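We number each residue from 1, following the sequence as shown. Please read all numbers here as calculations on a predicted model, not as lab measurements.
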Amino acid sequence: MALEEVVETELNRHLKAAKEWMPHEYIPWSQGRDFDGVMGGEAWEVGQSKVTPLGRISLVVNLLTEDNLPSYHHEIASMFGREGAWGTWVHRWTAEEGRHGIALRDYLLATRAVDPVALERARMDHMSAGFESDNAHSMLQSVAYVAFQELATRISHRNTGHHAGDPLCEQLLAKIANDENLHMVFYRNLLKAALEIAPDQAMQAVRDVVTDFRMPGHGMPGFERAAAQIAIGGIYNLRIHHDDVLQPVLRHLRVLEITGLGPAGLQAQQELGLFLDGLDAQATKFDERQAALLARRAAAAERKAG
């Protein structure tokens, strides 16, 4: 395919840039102790961990998303193939993503940050449902989607660390976020090449992905409620999605500045610009609602304390 040489170049760049790190070094094993059940240990209670309620919600969403890795691997291996540079990348990406799930679960259980029974049941439910991408029908849309999604995941991990209430958790999530950033760069550079090779088709793919974007965890149990809490808490919301995910990728690729497009590409470019204007307006309304809600909560807490 036309992108094969670019894939090999980006794979080599990634392998040079990626730094080995060991998940076990970021887990406070000394905090771990037996749970109730077969080992007859102590039952889980919410007060056993220093992780904040918001941090707990976001950590579980992030981990359950990582847990569906077998479905993601199947999808990208089916789409991109298992031969040559593409195949090497697919397996390398899967190995690095697998490290994230291992590290997150070990941290959550060692620190008793989550109910282990509820976590396991949620994992079973989510993985049993599997995952099917909105973009599985199109190579270009798949590349465009992951260019944005990997950055969205990096931002989500990074902001979760900021709100977790535990410096060690923040340090672990910073390592994971760094991996996700390297994945984003790989796909972003492929998207750049696609825009040069087939500008009209790639522009339509970008338009389709941006206007109908969903995070891969959208099918997990209780996702809507968790996403609302994550949004209000400032970990991931419309403003962050617009300012920190969509705009950086689009600006880097100069998507709205590309010239020489055919009718279909030009229409897609114009529709993309209009959508971004509308999304920015929606994000502003969300910002106002969020500020009002947080102000009410602060006032209620002050009255309760007084």
Q: Please list, chain by chain and in numerical order, all residues satisfying side chain to side chain donor-acceptor pair (under 3.5 Å) with Gln229, sequence neighbours excluded.
A: none
Q. So, for Pro116 and Leu109, which heavy atoms are closest and what is the spacing to 0.1 Å?
A. CB-CD2, 3.8 Å
(Q) By the ring pair (Phe, Tyr, Trp, His ring centres under 6.0 Å) test, which pairs, at least two apart or in different chains, include something from residues 198-219? (A) Tyr145-Phe213, Phe213-His241
Q.
Check whether Ser58 reaches the backbone of Ile235 with its side chain - one donor and one acceptor, N or O, closer than 3.5 Å.
A. no
Q: Grab the two heavy atoms, one from Leu276 and one from His242, that are nearest each other, plus how far apart they are.
A: O-NE2, 3.6 Å
Q) So which residues get pulled into Met124's cluster when ILVMFWY side chains under 4.5 Å apart are joined, directly or through others? A) none
Q: Report yes or no: do Gln141 and Gln204 form a side-chain donor-acceptor pair below 3.5 Å?
A: no
Donor-acceptor list for residues 256-267 side chains, cut-off 3.5 Å, not counting sequence neighbours:
residue: Glu257; atom: OE1; partner: Arg254; partner atom: NH1; Å: 3.2
residue: Gln267; atom: NE2; partner: Glu271; partner atom: OE2; Å: 2.9

Q | Minimum heavy-atom distance between Met79 and Ser142, given as atom pair plus value | A | CE-OG, 3.3 Å
Q. Mind checking what makes side chain to side chain donor-acceptor pair (under 3.5 Å) contact with Glu170, not counting sequence neighbours?
A. His162
Q. Is the centre of the Phe35 ring less than 6.0 Å from the centre of the Trp44 ring?
A. no
Q) Are Leu119 and Leu69 grouped together when hydrophobic residues (ILVMFWY) are joined by side-chain heavy atoms under 4.5 angstrom apart? A) yes
**Q.** Side chains of Thr153 and Gln149, donor plus acceptor under 3.5 Å
**A.** yes
Q) Which residues satisfy the salt bridge (Lys or Arg N to Asp or Glu O under 4.0 Å) test with Glu96, sequence neighbours excluded? A) Arg92
(Q) How long is the straight-line distance from CZ of Phe223 back to NE2 of His126, given to the nearest 0.5 Å? (A) 9.0 Å
Q.
For the aromatic rings, using the six-membered ring if either is Trp, is the centroid distance between Phe80 and Trp93 under 6.0 Å?
A. no
Q) With distance as the sole criterion, is a donor-acceptor pair present between the side chains of Asn62 and Ser156 under 3.5 Å? A) yes
Q: Output all residues satisfying salt bridge (Lys or Arg N to Asp or Glu O under 4.0 Å) with Arg297, sequence neighbours left out; order by chain, then residue number.
A: none
Q. Between Arg105 and Asp67, is the closest basic N to carboxylate O distance under 4.0 Å?
A. yes
(Q) Run the side chain to side chain donor-acceptor pair (under 3.5 Å) test against Asp106 and tell me which residues pass, sequence neighbours left out. (A) none
(Q) Under the rule for side chain to side chain donor-acceptor pair (under 3.5 Å), what residues qualify as partners of Gln31, not counting sequence neighbours? (A) none
Q.
One thing to verify: whether Arg123 and Glu120 come together as a salt bridge, which I'm taking to mean a side-chain N less than 4.0 angstrom from a carboxylate O.
A. yes
Q) Side chain of Asn237, backbone of Ile240: donor and acceptor closer than 3.5 Å? A) yes
Q. Judged by modelled atom types alone, do Asn178 and Trp21 share a side-chain donor-acceptor pair under 3.5 Å?
A. no
Q.
Tell me every residue that passes salt bridge (Lys or Arg N to Asp or Glu O under 4.0 Å) with Asp287, counting only those two or more places apart in sequence or in another chain.
A. Arg239
Q: Could you list the residues that satisfy salt bridge (Lys or Arg N to Asp or Glu O under 4.0 Å) with Arg188, not counting sequence neighbours?
A: none
(Q) I need the full list of ring pair (Phe, Tyr, Trp, His ring centres under 6.0 Å) pairs touching residues 56-76, with sequence neighbours left out, sorted by first then second residue. (A) Tyr72-Phe131, His73-His91
